[in-house]
Amino acid sequence: MSEKLPPKEEFSEWYHELIQRAEIMDVRYPVKGLYVWYPFGFKIRRSVYSILREIMDREHEEVYFPALIPETELGKEGEHIKGFEDEVYWVTHGGKDELDVKLALRPTSETAMYPMFKLWIRSHADLPLKVYQIVNTFRYETKHTRPLIRLREITSFKEAHTVHSTFEEAEEQVKKAVGYYKEFYERLAIPCIICKRPEWDKFPGAVYTIAFDAVMPDGRTLQVGTVHNLGDNFAKTFEITYETVNGEHSFAYQTCYGISERCIAALISIHGDDLGLVLPFEVSPVQIVVIPVLYKGKEEEVLRVCREISEELKRYRVFVDEGEERPGAKYYKWELKGAAIRIEVGPREVEENTVVVSFRDERRKFKVKRDEISSKIEEWAKEMRKRMYTKAVEEMAKRIKMCKDLEKLVEWVGKGVALTYLCRSERCGEELDKVGSVLGEVLEIPLSVESKGKCVICGEEGRLVAVAKTY
Ligand code: P5A
């Protein structure tokens, strides 16, 4: 454990070492693309997903649909199956018997849910329907697999599905979902680029797709969430109809949106530093670590004060590290694990009725009166999140460049994200997509840039788009 982490500049090595040393994922599971959550990693997952749940619970109901989908249902929607057929794991046998109908391990749950929605929805009174589930899904990914980033078993797939009576209402829902995801990523202090994906990169079966992309330290982007307007495409396939107020039968309109544990990959990658994890107070498994600095003869007093402080702060996830190691080794360990606030107590502090406080995202140490700590925590947590967000935006800005000419763009993509302008013609889009992935028209970005300019390929009027190498 004493060996140092590789520097964050060597991002790939840093990431892989960190998730193992901080005990987030065990990567030794003997199936490619499948990983094990350690207890510490699972605690991060729990607090991150409790934010997501809190947001979803405001207007969605939680459900659970089975993990196995009959081939007959999975294959119904033409576009959808075309998009997924190479990624599906199949269950073909029950014991020694070959199954009559093959069963797919869900790659996502549209085709598990929508045949049931057909049964649930009768009239306009049953609409809107808004549900979500947090489940595992399986995708036989052929691109390079990476823990939390590209998985063959996505363990923490939060998928929401909604049904509405009109296209406009579905549009409204898409906007709301984008708002929910924005709030979620803001709480994690992660800035995102929000784009409308180009036609060729939208979700199979969708009318359009809006995606959230985080910019990773190596300049590649990670798609950390998507919101899809499905129109009535799936409703037509799965015969999801409802009786209108006038007694007519009409197809329903749908949306769906999803987030996976990639949100945790982004959290780790964007905020971490050479010493290890840096986590916002809200999601850190150990929000406050209290470290006794012991001197001979004063041990009892110091420990007593540490325990009292821990008792006062017990509404938070607080831990007094009473271990045998020297304070330096404890600092190192809790820096690696991203404890948000560190409180040090030695004999002098006991005498003065103070403590030494430091925040994981800063080098600064300062003294605080003991009876003031409890009332300060919320404010410290808020400030810390703000600082982390500001820093992340600054870092992101360094990795994004406006490239109005193609040569500059070709040179920059790969090092970072290029912003440029693109007209709506398919040919120009395809041309640009050869350089890097066109993330699509930029809807929101935490930088100030002109939204219109000349198409980088043909010179006609174009809209702001982002181009990047992606994970
Ligand atoms: C939306 C939810 C869907 O599957 N159906 C229900 C829709 N969209 S999606 O874009 O295909 O996936 C949603 C998000 O999941 C993440 N993701 C992955 N994470 C880890 N490993 C994978 N193999 C993987 N595939 C997709 C992405 O963040 C994606 O936006």
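Residues take their numbers from the sequence shown, with the count starting at 1. Whatever order the structure lists them in is the order used to number ligands and atoms, beginning at 1.
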With atoms numbered from 1 as shown, which atoms in ligand 1 lie under 4.0 angstrom from a non-hydrogen atom of F203? 3 (C), 4 (O), 5 (N), 7 (C), 8 (N), 11 (O)
Residue part near ligand 1, for Y257, under 4.0 Å between non-hydrogen atoms: backbone
Can you tell me which residue pairs pass the salt bridge (Lys or Arg N to Asp or Glu O under 4.0 Å) test with a partner in residues 442-453, sequence neighbours excluded? K182-E444
Under a 4.0 Å heavy-atom limit, does T226 contact ligand 1 with its side chain, its backbone, both, or neither? both
Suppose we call two aromatic rings close when their centres sit under 6.0 Å apart. Are F184 and Y181 close by that rule? no
Parallel, tilted or perpendicular: which fits the ring planes of F234 and F238, with parallel below 30° and perpendicular above 60°? parallel
With heavy atoms only and a cut-off of under 4.0 Å, state how H228 meets ligand 1: side chain, backbone, both or neither. side chain
Heavy-atom distances under 4.0 Å are what count here, so tell me which part of L148 touches ligand 1: side chain, backbone, both or neither. neither
Ligand 1 atoms nearer than 4.0 angstrom to some heavy atom of E159 are 2 (C), 6 (C)
Mark the output for F212 as yes if a heavy-atom distance to ligand 1 is under 4.0 Å, and as no if none is. no
Could you tell me whether a side-chain N or O of E261 sits under 3.5 Å from a main-chain N or O of L148, the two making a donor and an acceptor? no
What part of V224 sits under 4.0 Å from ligand 1 if we count only heavy atoms: the side chain, the backbone, both or neither? backbone
With a heavy-atom distance limit of 4.0 Å, tell me whether R152 approaches ligand 1 through its side chain, its backbone, both, or neither. neither
Could you work out, with side-chain hydrogen bond (donor to acceptor under 3.5 Å, both in side chains) as the rule, every residue matching E153, not counting sequence neighbours? N136
Kindly state whether the ring of H80 and the ring of Y114 have centres lying under 6.0 angstrom apart. no
ring-ring contact (aromatic ring centres under 6.0 Å, His included) partner of Y140, chosen from W90, Y89, F84: Y89
Under 3.5 Å, is there a donor on one side chain and an acceptor on the other for E59 and Y132? no
Using distance alone, with no hydrogens and no angle criterion, decide if H124 and T244 have a side-chain donor and acceptor under 3.5 Å apart. no
Taking 4.0 angstrom as the limit and counting only heavy atoms of R150, give me the atoms of ligand 1 inside it, by number and element. 21 (N)
Ligand 1 atoms nearer than 4.0 angstrom to some heavy atom of E110 are 5 (N), 6 (C), 7 (C)
Sub-4.0 Å heavy-atom contact, I149 with ligand 1: yes
Which segment of E141 sits under 4.0 Å of ligand 1 when only heavy atoms are counted: side chain
Within-cut-off N or O pair, H161 and ligand 1, under 3.5 Å: no
